[in-house]
Colleague: 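One structure, as structure tokens, below. Some questions next.
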2 protein chains.
Amino acid sequence: MPDSLRQFKADIFQALAHPTRIAILEFLSEGELSAGALIEKLGMEQANVSQHLAVLRAKQIVVNRKAGNQVFYSIRDPTIGKVLALMRKYFHAQLKETIGMLDEMEHTR
Amino acid sequence: MPDSLRQFKADIFQALAHPTRIAILEFLSEGELSAGALIEKLGMEQANVSQHLAVLRAKQIVVNRKAGNQVFYSIRDPTIGKVLALMRKYFHAQLKETIGMLDEMEHTR
DNA sequence: TCAGTATATGCGAAGATGCTAATATAACGG
DNA sequence: CCGTTATATTAGCATCTTCGCATATACTGA
């Protein structure tokens with residue numbers, strides 16, 4: 001695989017590599033939301049959220065639609081949602097494994 | 001979802017957010033490899049590859065096994081491989097969309 | 001024990017990222 | 001046109017990341 005493809009993937013992962021942006025995508029995975037609605041749900045500075053949205057826009061992970069005064073955001077490709085779902089699964093697997101290890105330690109103590 | 005979970009996911013994505021580390025994982029997805037083999041396949045500085053491996057180790061994305069002189073690495077959870085496969089699919093979808101746009105521009109020119 | 005091979009780690013420079021505060025742009029109602 | 005609301009952008013600072021270089025550690029065979 002050419003390095004440019006890997007760079008592309010790395011860029012997408014980089015865009016996902018922030019808790020706030022993950023939160024934004026999780027909210028958006030349930031449907032379109034205005035920037036203001038996101039700001040309220042996240043409870044963060046307006047400028048900060050706007051910057052995170054800019055990152056997601058730059059990588060074309062989200063698209064926006066202007067409606068009068070407001071800007072509505074949505075996830076462009078549902079595959080991104082699947083990636084997040086897989087990560088959830090991954091997290092659970094890791095958690096179970098950790099618990100299993102703790103269990104074993106408990107028994108062999 | 002609590003923020004700690006999002007932080008966890010973000011940390012994993014951060015670990016994936018580098019072309020070299022993606023290359024490493026792609027090589028490892030075909031099976032266990034020694035650090036030396038990876039260095040050769042990647043054609044990069046030994047110390048650099050070792051640092052990237054350290055990042056992947058820290059997030060427990062890869063595990064290592066010592067065998068005499070060498071250290072063999074492998075992917076701990078195949079879910080990570082699935083995430084990479086999904087990203088490949090995502091890339092193709094994006095590519096197709098871009099080509100489609102170019103096509104349209106061509107026709108309406 | 002010593003030389004050689006394989007791998008990891010520490011350090012400093014250069015660049016990227018994320019935050020806050022301030023400011024800019026755009027659309028609306030009056 | 002004016003003030004207000006919604007959103008984006010800029011600037012400055014602190015922190016993190018990545019790299020190359022040097023060095024450390026660990027194992028092997030003589």
Side-chain angles (χ1 to χ4, degrees), chain A residues 3-4 6-28 31-76, chain B residues 3-4 6-25 27-28 32-76:
Chain A
D3 196 65
S4 59
R6 291 193 179 118
Q7 184 63 61
F8 170 81
K9 286 189 202 174
D11 285 346
I12 303 296
F13 284 131
Q14 179 62 53
L16 300 179
H18 195 286
T20 300
R21 293 197 288 269
I22 290 179
I24 288 173
L25 292 174
E26 280 172 351
F27 284 131
L28 290 184
E32 188 184 59
L33 282 175
S34 71
L38 279 169
I39 290 159
E40 193 188 350
K41 277 173 182 281
L42 293 165
M44 306 181 59
E45 289 273 336
Q46 179 269 325
N48 195 350
V49 175
S50 189
Q51 280 172 342
H52 285 301
L53 285 170
V55 171
L56 294 172
R57 245 186 302 132
K59 297 295 157 47
Q60 310 212 50
I61 293 169
V62 301
V63 290
N64 55 355
R65 170 177 77 81
K66 262 185 144 157
N69 220 2
Q70 293 168 289
V71 180
F72 287 87
Y73 281 89
S74 54
I75 296 179
R76 193 180 56 80
Chain B
D3 196 64
S4 60
R6 291 193 180 119
Q7 184 63 61
F8 170 81
K9 285 190 202 174
D11 285 346
I12 303 296
F13 283 132
Q14 178 62 50
L16 300 179
H18 195 286
T20 300
R21 294 197 288 268
I22 289 179
I24 289 173
L25 292 174
F27 284 132
L28 290 184
E32 190 186 59
L33 281 174
S34 71
L38 279 170
I39 290 159
E40 194 187 351
K41 277 173 182 280
L42 293 165
M44 304 180 60
E45 290 274 335
Q46 180 269 324
N48 195 350
V49 175
S50 189
Q51 280 171 338
H52 284 301
L53 285 171
V55 171
L56 293 173
R57 244 184 303 132
K59 299 294 157 48
Q60 309 212 52
I61 293 169
V62 301
V63 290
N64 55 354
R65 170 177 76 81
K66 263 185 143 154
N69 219 1
Q70 294 167 289
V71 180
F72 288 87
Y73 282 89
S74 53
I75 296 179
R76 193 180 57 81

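Convention: sequence-line order gives letters A, B, ...; per-chain numbering from 1.
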Colleague: Rounded to whole Å, please give me the gap between CZ in F72(B) and P in dA6(C).
Modeller: 11 Å
Colleague: Taking CD from E45(B) and C1' from dC11(C), how many angstroms apart are they, rounded to a whole number?
Modeller: 16 Å
Colleague: List for me each residue that meets ring pair (Phe, Tyr, Trp, His ring centres under 6.0 Å) alongside F8(B), sequence neighbours excluded, and say none if there are none.
Modeller: F91(A)
Colleague: Roughly how many Å is it from CG in D11(B) to P in dG18(C), rounded to a whole number?
Modeller: 13 Å
Colleague: Starting from the C-alpha separation in whole Å, work towards a yes-or-no answer on side chain to side chain contact (heavy atoms under 4.5 Å, CB included) for Y73(A) and L33(A).
Modeller: CA-CA 5 Å; Y73(A) 281 89; L33(A) 282 175; 5.9 Å; no
Colleague: As a quick check of understanding, evaluate side chain to side chain contact (heavy atoms under 4.5 Å, CB included) for V62(B) and L25(B), giving each step before the final call.
Modeller: CA-CA 8 Å; V62(B) 301; L25(B) 292 174; 3.8 Å; yes
Colleague: Please tabulate, one pair per line, each protein N/O and nucleotide N/O from nucleotides 8-10 of chain D that are separated by under 3.5 Å, including the distance.
Modeller:
| residue | atom | partner | partner atom | Å |
| --- | --- | --- | --- | --- |
| dA8(D) | OP1 | Y73(A) | OH | 2.4 |
| dA8(D) | OP2 | S50(A) | OG | 3.2 |
| dA8(D) | N7 | Q46(A) | NE2 | 2.7 |
| dA8(D) | N6 | Q46(A) | OE1 | 3.2 |
| dT10(D) | O4 | Q51(A) | NE2 | 3.0 |

Colleague: How close or far is atom C1' of dT5(C) from atom CD of Q70(B), stated in whole angstroms?
Modeller: 10 Å
Colleague: Taking CZ from F13(A) and P from dA16(C), how many angstroms apart are they, rounded to a whole number?
Modeller: 21 Å
Colleague: To the nearest angstrom, how far is M44(A) atom CE from dA6(D) atom C1'?
Modeller: 18 Å
Colleague: OP1 or OP2 of dC19(C) less than 4.0 angstrom from a side-chain nitrogen or oxygen of H52(A), does that happen here?
Modeller: yes
Colleague: Examine R6(A) relative to F27(B) and say whether NZ or CZ is less than 6.0 Å from the centre of the six-membered ring and inside a 45° cone about the ring axis.
Modeller: yes
Colleague: Could you list the residues that satisfy salt bridge (Lys or Arg N to Asp or Glu O under 4.0 Å) with E45(B), not counting sequence neighbours?
Modeller: none
Colleague: Side-chain donor-acceptor pairs under 3.5 Å in residues 14-24 of chain A, sequence neighbours left out?
Modeller:
| residue | atom | partner | partner atom | Å |
| --- | --- | --- | --- | --- |
| H18(A) | ND1 | T20(A) | N | 3.1 |
| R21(A) | NE | A15(A) | O | 2.5 |
| R21(A) | NH1 | H52(A) | ND1 | 3.1 |
| R21(A) | NH2 | Q14(A) | O | 3.3 |

Colleague: Please walk me through it: do V71(B) and S34(B) pass side chain to side chain contact (heavy atoms under 4.5 Å, CB included)?
Modeller: CA-CA 5 Å; V71(B) 180; S34(B) 71; over 6 Å; no
Colleague: With a cut-off of 6.0 Å (strictly less than), are more than 12 heavy atoms of other residues, nucleotides or ligands near CD of E40(A)?
Modeller: no
Colleague: Could you give the CG-to-P distance, from L56(B) to dA8(C), as a whole number of Å?
Modeller: 12 Å
Colleague: Can you check whether H18(A) has a side-chain N or O nearer than 4.0 Å to OP1 or OP2 of dC19(C)?
Modeller: yes
Colleague: Write down the distance between CZ (R65(B)) and C1' (dA6(C)), rounded to a whole number of angstrom.
Modeller: 15 Å
Colleague: So which pairs with a foot in residues 59-71 of chain B pass side chain to side chain donor-acceptor pair (under 3.5 Å), sequence neighbours left out?
Modeller: E32(B)-R65(B)
Colleague: Output a table of nitrogen or oxygen pairs between the protein and nucleotides 27-29 of chain D separated by less than 3.5 Å.
Modeller:
none

